[in-house]
Structure formats: structure tokens, C-alpha cells
There are 2 protein chains.
Amino acid sequence: MTTRERPTLEAVARRAGVSRATVSRVVNGSTTVAATIREAVNRAVEELGYVPNQAARSLVTQRTDSIALILPETANRVFSDDLFFPAIIRGVGAELEAADKQLVLMMTGSEAGHHRVERYAVAGHVDGVMFASIHGADPLPGLLARRGIPVVCSGRPMTADPPVPYVDVDHAGGVAAAVRHLVADGRRKIATIAGPQDMVAGIERLTGYHASLRDAGLPELVAQGDFTRESGILAMRDLLERGPDLDAVFAASDLMAHGALQALRDAGRRVPDDVAVIGFDDFEISRYSDPPLTTVRQPIAEAGRTMARQMLRLIAGDPEVAPSVVLPTELVIRASA
Amino acid sequence: MTTRERPTLEAVARRAGVSRATVSRVVNGSTTVAATIREAVNRAVEELGYVPNQAARSLVTQRTDSIALILPETANRVFSDDLFFPAIIRGVGAELEAADKQLVLMMTGSEAGHHRVERYAVAGHVDGVMFASIHGADPLPGLLARRGIPVVCSGRPMTADPPVPYVDVDHAGGVAAAVRHLVADGRRKIATIAGPQDMVAGIERLTGYHASLRDAGLPELVAQGDFTRESGILAMRDLLERGPDLDAVFAASDLMAHGALQALRDAGRRVPDDVAVIGFDDFEISRYSDPPLTTVRQPIAEAGRTMARQMLRLIAGDPEVAPSVVLPTELVIRASA
DNA sequence: TTGTACGCGTTATCAG
DNA sequence: CTGATAACGCGTACAA
């Protein structure tokens, strides 16, 4: 391994026969440099393979040009068949790439990881921190914000101690559309498989269910899941037991809806003839399920892009950053309901 | 958002009534500081919420205490039902956590991303770079190594321009064990579903297949896949068409093996009665397939841990870092073969 | 045991 | 348009 010394600005300057200042200007794309000199400097940079020392640079600029995306989950959860994280990462990545910022992914399933991320950010490793999801009343976003670090969350934080800008989708509106569709179809015993109640997405979809059924004057039937397919299977079995006469089920995630489809099939119920099923997400796979899943589409990648844009504004010092952006959801009707 | 000034060493020193040097010593855990002073300093640190400026610190120490793990894939590939990446990330994460180093994940599916990672590393953002996989003759590992940046790869790099330390598993040995098992079981028409031939894992498993069948004096039958389940389905159909009389198939990944199981079922072949199937990976789900999958176990998380350990040694300047570590594989016999 | 003083590699502010 | 020169915040010989 060649442990050659890294060339400095000084070295480039000597080789090009100019001052450090001039080299710095060229490297940073200043226009006020004579063409001939610029060329000489660029040649020297090339020959020496010069790359600016990030530590020195950010010591004076106060910037690192890299931004963290926190995945407050364990590796097992992040990397599963749940396509939420990939989608949000794609959205964030695309927007940051366009802005030439480096995306830094950090998983913090454990408590210790949580604390290390805090130090990492406060120490100035990154210019800002985005959260891909929030569990319970996670203090970290507020903590960082109070430190003056730009923070944006995906999903409304449950604690708004110092209010942190967030991007979310219209959960309630999506659920309402789903329930309306079921009611219009003549369904009268509409159950739900709720998401985890330590996450705003889970809570708001359940709240939306409550509100919609109340408006429609229909009886409720709730089972608890955690967004995963397995939990959908278990919850559906539970529902069938407690409400054998149900004729529809709204699952708070596509994966749980798929689990429900499977459990219904196992129980000999036909979808949608006996039981209508609606999910929430609109993952790719939902187009190919049996039957294809009617579901509430939420623009996850778009949420990621939006989150990144807000972050870039925050970093740029834009005072006009909206405290929240809520993206619309949309009912996608296929065969299951 | 409180944009309070970040306290510096100087501020802490003033408050504690000591010099900057002393504060620095306390913060870095030097033992040569009087207990009373240490306490006063710690109190000041606490009160001010002081956290060392990473840029300033690494400007002098030449270290950042964070290490990158490159996933040279798109988000779609990284976050799929392939459990390779989660496993390796878990292994790496555990080892780095113990060493109190921060793990930084970077995905570089695109060409541009590739280049940005190079600059990121060369600029000194991280102390070292690990690669979770390698495609073709990726020049990046060598490029970084030549720059004097510690590099470790998971999987033998196809180009060893400057030889880069790597951790891999015994592909050939695993394949040989699988084929031996099939032959001993009386199978005589053993096909294979090969992995992508731009990755060493794909190449070596196919090479191993060639060698094993040659040794056994049996005819070959090869179809091409890319480690995914879908490619396994397609490849199996292809094989059945070209070799209707095959009585066994070795798939170079568990996911492809699962695809093969499905295709065989669709074709009305019984497993293992008509066709024996063996995979490669031993993912959790392979215990629950129908039938449970006989497969070659490769210790992925252990490879991640080993890779991290090698990296830590490299960073510590240990001259005794092995140029390569090859972990054993093991045939796990279940019901499919 | 503690403090002084220098240097790490850049950028930015001034003169020239 | 270019070149000195002063920060930026910290670690660490060296001196006290």
C-alpha cells in the first residue's frame, strides 16, 4: 500500500509557481483568475492528484457538504421486504446528488447507536440530519435542532419541543377515501389492521379509520399489526375470529394487506366477493398480488425528495422553510376492493 | 431553532479556570490531570454542552474515527429480499461499535456516485473504506489503496493491481460438498443455475461446479441467473427445457434455489424425489421453504466482522494484516436434497 | 502536574 | 487579478 504523503495546497502552488490563494481560487471555481494561470494550476492539481483536505476546509467554511439520513431501526428491519426505506432513500439520494451533497446513511437500532449519532452530528461531521422515520417521542431530532443543527423529519414528530420541520403524507385523507370506496361498494362491516402505535403513521391511519367509520355510522373492528406481512396474517386471523361476518378490511400497510389476503385465502374467503381488502403504500408488488391490491398510494420517494429539498434550504439559510409539508395520497383501485 | 454558537475548548477552559491544554487532556482522557481539576473541567464541559469540533480535531490527528462501508449497488438491489447486505452490515456494525468507530454507509449504484465516494474518502472524511461487494474489475478499491487509504474488500477483487486485503468464503469447497452429496445420492444429471459472472462469487461457484462435475465424470448443464429469485425461476424453466431428464440442480444462491423450487413445482416435478435442489447462502427463510432447502452455508455476518477487524488493524498500523482471509463453508442438509 | 506556543491545510480579507 | 496573512479549533512537544 503506497502511503504517499497527500499533496497540499502549498505543494500545488509551488509546482504551478503561484500562491496558495490562487490555487484555492481555481480549485473553488472562482472566475477571477487569468486563463493561463488557471490552466497551469489545473495541470499541477492533476499531476499531483491533489484533493482538498476536508478537515481543513470545513474548519474554516463550517460546512462538510454531506448530510446524514438516520434510519432509527435495526438492520433486520431496514433490510426486509418492506420497501419503505428503499423508496425514501432513493428520493433523498436523487435530490442530494443533484445538489452535489454526499448522503451518509446511519442505522441506529440500539440506544448506544443513538448516542453516537448525536455526537457525530454535533461534532460537525455533517451539515444536517434527516430522519427516515420516528419512533415514539424520540428526543434526538429536538436535541439536534436545539444544538443549531438543521433537522428535517419524515413523518410528524410526536414531540414538538423545538418544532422540527417535517414532511408527511395525508394519512387521514387516504383512509377516508378507502373507507368511502368500501361503503359505496355496500360494505357494512369494515375492519382494520392497524399499524404500530408508536409511530405517527400507525396512529393517524387508525385515527382516520375511527373518524371515517363514525361518520358513516358503522361498527368498528380493530386488530393490531406492525406493518409486516406476518403481523398481517395474524391480525387477519384474529379479525376473522372476532368478526366472522366482516365484509371488508383496511390494512394500514401493503405488506399487512398481503398477509390478510393470504389469511383470507387460507380461511376460504374469496376476495373481493366475500371480503374486500384495501392496503396503504402502493408498493410495486401490490400490482401483482392475487388479486391485485386496491390500495392508498403514498408518494414515498417524493417525500424523500421533498425532505432533501427542505434540508438544502435549511442549510442554505433560507428563512422561508415551511414547518411542514403534507403530500397528498390517492386511492388506487384494482381488484381486491 | 436555537442557532447558539458552539462552545470551544477555549470557552470551557475559561469557565473552568484552566488552560486549553488541560481541557484537551481531560476530554481525551489523559491520566495526568489532578482529580479536582478534572472534575471542574468535566462540569464546565457538561454545563456548556461542549463537543469537540471534529474538523479541527482531525486536522491535527489525521483521524476521523469513522469508517465507510461501500455498497456498490442501487437502492433497489441493496434493499430487496436478498439478505446478503443486511447480514454483512450487521457483522461490520457489531465489530465497529465495539471499537467505538462510526459506520458510514454509502450506496454507489451510479457512476457519478462512484466518483463522489472517491473524493469523499480521499478528502479524509473517513479513516478507511470497506467494500461490501465488488463488481467486475472495479478500480475504486485499488485507487483508494494507492492513495494510502486503508481498504478491505468482501470478496476477492478481480483486479489486484495494488493487492487489497480481502475476506472471502470458500466457494469452491462449498460447491464441491454440494455436488458430492448429490452424487452420493445417485444423481447423475446435475445442472446449475450460475450467479452473475461479473462477481467473483458468481464466477467461483460456477468454476467449482465445472471442476466437481469433471471430477465426477458427469455431463454439465448450465443456466445463467443473477442471484435473484426471479432469475432462478427463469433459469430453472430454461434448464427443464434444455435438459428434461435432469435429476438435480445446484443454485449459486438461496434466492435462485427458491425460484427453482417454484418453477419445479409449476412444472409438476417433485422435490427431492424427481429433482434434488441445493442452494448457497443458508438464509433464515431457507429453513421454512417447501421443502426446507439443503444449502451451502456461508458465514456472511462473520465475514463482515472479520472485514471490520482487518480494517481496524490496518488503521492501527498493524503490519501483520493478512492479505486474505477465507472463511469455511458448510453443507447444511435439509429436505430438498 | 500544568501552561505556552506552534502547526495542521484551508478559506477569506485585504492590500497591491 | 494576484499575493500576503490572519483566522478556524484542536492536540502536543516543550518548558515551567
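Here the nucleotide nearest the side chain of A:V18, chosen from D:dG3, D:dC10, D:dT2, is D:dG3. Listed nucleotides C:dT10, C:dT11, D:dT2 differ in distance to A:T8; the shortest reach to its side chain belongs to C:dT10. For B:S19, counting side-chain heavy atoms from C-beta on, the closest listed nucleotide (C:dG3, C:dA12, D:dG3) is C:dG3. Listed candidates were D:dC10, C:dT11, C:dT2. Nearest to the side chain of B:A34 is C:dT2. Side chain of B:I37, nearest nucleotide from C:dT2, D:dG3, C:dG9: C:dT2.
The phosphate of D:dG11 (OP1 or OP2) has a side-chain N or O of B:R57 nearer than 4.0 angstrom. OP1 or OP2 of C:dT11 sits under 4.0 Å from a side-chain N or O of A:S24. Phosphate contact (OP1/OP2 of D:dC8, side-chain N/O of B:N53, threshold under 4.0 Å): absent.
Within 4.0 Å of A:A21, counting heavy atoms only, lies at least one base atom of the nucleic acid.
Other residues, nucleotides and ligands place no more than 12 heavy atoms under 6.0 Å from the NE2 atom of A:H115.
Applying the side-chain hydrogen bond (donor to acceptor under 3.5 Å, both in side chains) test between B:K101 and each of B:D65, B:D127, B:T64 identifies B:D65 as the sole match.
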Stepwise side-chain contact (heavy atoms from CB on, under 4.5 Å) check, A:I315 with A:I67: CA-CA 10 Å; A:I315 288 176; A:I67 298 173; 3.6 Å; yes
Audit row: B:Q310, B:R313, side-chain hydrogen bond (donor to acceptor under 3.5 Å, both in side chains) steps and yes/no: CA-CA 5 Å; B:Q310 299 293 74; B:R313 286 205 194 113; 2.6 Å; yes
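The interatomic distance linking A:Q62 (CD) with C:dT10 (C1') rounds to 12 Å, in whole Å. Atom C1' of nucleotide D:dC10 and atom CD of B:Q54 are separated by 11 Å, given to the nearest angstrom. In this entry the distance linking CG of B:D65 with P of D:dC10 reads 15 Å, nearest Å. Between the C1' atom of C:dT1 and the CZ atom of B:R25 lies a distance of 8 Å, rounded to the nearest Å. Atom P of nucleotide C:dT2 and atom CD of B:E39 are separated by 13 Å, given to the nearest angstrom. Distance, A:E10 CD to D:dA4 P: 10 Å, rounded to whole Å. Between A:R20 atom CZ and D:dA6 atom P the separation is 11 Å, expressed in whole Å. Residue A:L9 contributes atom CG, which lies 5 Å from atom P of C:dT10 at whole-angstrom precision.
To the nearest 0.5 Å, atoms CG (B:N53) and NE2 (A:H125) are separated by 10.0 Å.
Residue side chain B:R6 does not reach the base of D:dG9 through any donor-acceptor N/O pair under 3.5 Å, judged by distance alone.
Both A:T22 and B:L59 lie near DNA chain D, and the one whose nearest nucleotide falls closer to the 5' end is A:T22.
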